[in-house]
Number of protein chains: 2
Amino acid sequence: MTRGGLIGEETGAALQQVRTEPIQQRSAARLSGLLDAAAAVVDEVGFDRITTAMIADRAGASIGTVYRYYPDRVAVLHALHERAVVRFRQRVVDELGASTLTSWWDAVDCVVTAFVGLYRSEPGFRIVNFDDRDGAPAVDAVADADFFARRLADVLVNEFDLPAGDDLIFRLEVAVEMADALLARAFHTDPLGDERFIAECRLVLRDYLDRFYSPQALNLLATAS
Amino acid sequence: MTRGGLIGEETGAALQQVRTEPIQQRSAARLSGLLDAAAAVVDEVGFDRITTAMIADRAGASIGTVYRYYPDRVAVLHALHERAVVRFRQRVVDELGASTLTSWWDAVDCVVTAFVGLYRSEPGFRIVNFDDRDGAPAVDAVADADFFARRLADVLVNEFDLPAGDDLIFRLEVAVEMADALLARAFHTDPLGDERFIAECRLVLRDYLDRFYSPQALNLLATAS
DNA sequence: CGTCACCGAGTGGAATTCAATCATCCTGGT
DNA sequence: ACCAGGATGATTGAATTCCACTCGGTGACG
């Protein structure tokens, strides 16, 4: 199933951010418990007021336990970021499966919907943007966007016969960056998301991609070759 | 001169971030020296690993001196941010003056050019993005984008007769967010800026705004009313 | 000689470590 | 099957380190 590839359990972008892989089952819950706590704390006190003690407290663990699994404070945020990205991809897959797709646009629309949905439902999702420039998770943010663009390109090529190639990937990455910026802006003030920016985001994406991948543009491309 | 308004010495966004206004001349240089040091450190160790001690060291001052002028660590970043924004506006004005503007597009182009130029020449400019979401200067980042959009709107209205109003401001803010995201992406890996993303940024901006403000669109608007 | 600038050891709180302790799993003997 | 008891994973929290920020003392300028 090509769509499932979006989730991607490949190790390419994966990272060993956990010091020790949990062996016993009790600690499996600890890990996600710590992340849940971190997410809750982020939403409560904000991104830069987090303390490791708060996370430990909220998770019902001691400080040492936090450091058993994560090398330092920012690694916890990294992990939270990663988990949210995975959930985002899962949500995109769900959206794609629940909708009847008649053109590539429907797929892009699903991505936007998934993104907006997560912003609304996932605690701490705000810190998770693909392109946070300066904060902790910054390093591999672009790698995430790039990775996602590649996967999305696969889907669009396989299901809607868009022309594969670097151009498509590049344009999707451009689209991802723009969408991320506009949606982040939509949620900057309004916790439910400013509909104006969300709508404009869909419009911009469609216009931009239509320029290259509208039926007309594709026809021109086909007859020219 | 309407263009000069872009620089904006209004007190609306200004802030009393310096504790003590320097009285003696020697300390005038100290202030900018501290900011230069901060900028250098930001470029070297990254945004979240900055240390007040590092800044003091680099500036050849002691910690106490930093705190003489700035109330706390983030105030230094704020000041750096503010200085960069002022320089950006100045550069935009310079670009506008040095170019012959035949349409609003040339003005937008100048803004992009100024932005790219600063990215290349100004140390620490990366932290200065309009829309840093989580880091310290995040609070008024959107306010900056909004402010800049308003000023730019004034210029475009006065010089190119674009229809004034909230719609124009909103669209310019959308444009600013998109441009910022794409240019940040352009400079994420390549210190000189990936030309592909820069070019695509110009294209996206033009297409987006053309939709509403191309001569044809404006004519339609005029005849309809 | 009174300010203005500057210094840098000192304070407090948060981040991180680590040696001790507890819990769980494993193994081999009965 | 059962269980003792070592081996190893998991947890703890006091101790340590790091870092932002203060403040009393020292020079420099006018």
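At the phosphate of D:dT11, OP1 or OP2 sits under 4.0 Å from a side-chain N or O atom of A:Y69. OP1 or OP2 of D:dT12 lies within a sub-4.0 Å distance of a side-chain N or O belonging to A:T65.
Counting only residues at least two apart or on different chains, the salt bridge (charged side-chain N to carboxylate O under 4.0 Å, His left out) pairs with a member in residues 193-204 of chain B are A:D167-B:R196, B:D109-B:R202, B:R120-B:E195.
Taking B:R87 as the reference, B:E122 meet the salt bridge (charged side-chain N to carboxylate O under 4.0 Å, His left out) condition, with sequence neighbours excluded. For A:S121, the side chain to side chain contact (heavy atoms under 4.5 Å, CB included) partners two or more places apart in sequence, or in a different chain, are A:R91, A:L118. Here A:R73 pairs with nothing under the salt bridge (charged side-chain N to carboxylate O under 4.0 Å, His left out) rule; sequence neighbours left out. Not counting sequence neighbours, the partners of A:A53 by the side chain to side chain contact (heavy atoms under 4.5 Å, CB included) test are A:T51, A:I63.
Proximity note for A:R68 (side chain, C-beta onward) versus D:dT12, C:dC7, D:dT11: the nearest is D:dT11.
In this structure, CG of B:L34 is placed 15 Å from P of D:dA20, rounded to the nearest angstrom. B:Y70 places its OH atom 16 Å from the P atom of D:dA20, with the value rounded to the nearest Å. For the pair B:M54 CE and D:dC19 P, the interatomic distance rounds to 7 Å; values are reported in whole Å. D:dC18 atom C1' lies 13 Å from atom CZ of B:R49, rounded to whole Å.
Taking every heavy atom of both residues into account, B:R83 and B:S32 meet most closely at NH1-O, 3.7 Å.
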What nitrogen or oxygen pairs link the protein and nucleotides 13-15 of chain C at under 3.5 Å?
residue: C:dA15; atom: OP2; partner: A:T52; partner atom: N; Å: 3.1
residue: C:dA15; atom: OP2; partner: A:T52; partner atom: OG1; Å: 3.2

